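Some notes on the structure that comes next.
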Amino acid sequence: GAVVSQHPSWVICKSGTSVKIECRSLDFQATTMFWYRQFPKQSLMLMATSNEGSKATYEQGVEKDKFLINHASLTLSTLTVTSAHPEDSSFYICSARGTGTSIVGTQYFGPGTRLTVL
Amino acid sequence: KNQVEQSPQSLIILEGKNCTLQCNYTVSPFSNLRWYKQDTGRGPVSLTIMTFSENTKSNGRYTATLDADTKQSSLHITASQLSDSASYICVVSAGNNRLAFGKGNQVVVIP
């Protein structure tokens, strides 16, 4: 149980275009979803936290107009990188937290999406 | 500031040998500590989770220890296999559900 999927697994786009990444909880309802970015040999950096039906909360330094997050249902959250630039190239990982878990901080991670902006 | 430091940054071990990875943290308040395995180009997969009162937890050939007094944890890999080649990430959860991530220990197992 507690499977999280991401689509696509990798994407290459031209500079200036927008890219949408989907994150789905397959077998549980995710009341909260998290989006992380990971550069090579670095730790995961939290970008934003989204609760179903409400606006996402962005971490300091993350441009909310550039990284649009939508959490419209209990099983789907999307991250749209708008007007992508080469410096946005990174590994994007989502995680989800559902109801019913009593263990603080439990998040189930997706497999990640490799974004390369040319 | 909540920090998680891991050492060594990377290591190479022979197949069949054991190794131990270290994690020191300054997260407060402390809720629990997890070790994840992250294969290249994949998301993290949970190996163990320990709360304040637990000082050891095993998952197959992986054994994690926790000393909450010194704020140190270790992950021991027994009889390493080629498939153990990955990054091992120490993640500490504070009481507010926020996670503090280490940079990971990069393990390469060679035949």
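Quick caveat: nothing in here was measured; it's all calculated off a predicted structure. Every chain is numbered from 1, with letters handed out A, B, ... down the list of sequences.
There is a side-chain donor-acceptor pair under 3.5 Å between A:N51 and A:T32. For the residue pair B:T65/B:S74, the side-chain donor-acceptor check at 3.5 Å is satisfied. Under 3.5 Å, the side chains of B:S58 and B:T63 contain a donor-acceptor pair of N or O atoms.
Taking 4.5 Å as the heavy-atom cut-off, the residues of residues 80-96 of chain A that approach chain B are A:F91, A:I93, ordered by number.
In this structure, B:R61 and B:D84 have side chains that are in contact, with non-hydrogen atoms separated by less than 4.5 Å. Inter-residue side-chain proximity for A:I21 and A:Q6 is flagged as met; some heavy-atom pair is nearer than 4.5 Å.
Interface summary for chain B: among A:R114, A:E59, A:K41, the most heavy-atom pairs under 4.5 angstrom belong to A:E59.
Contact annotation for A:F34: neither backbone nor side-chain heavy atoms come within less than 4.5 Å of a heavy atom of chain B. Residue B:Q38 touches chain A through its side chain alone, counting heavy-atom pairs closer than 4.5 Å.
Residues B:Y36 and B:V91 come closest through the heavy atom pair CD1-CG2, 3.5 Å.
Residue B:L99 holds its CG atom at 9.5 Å from CG of A:L44, rounded to the nearest 0.5 Å.
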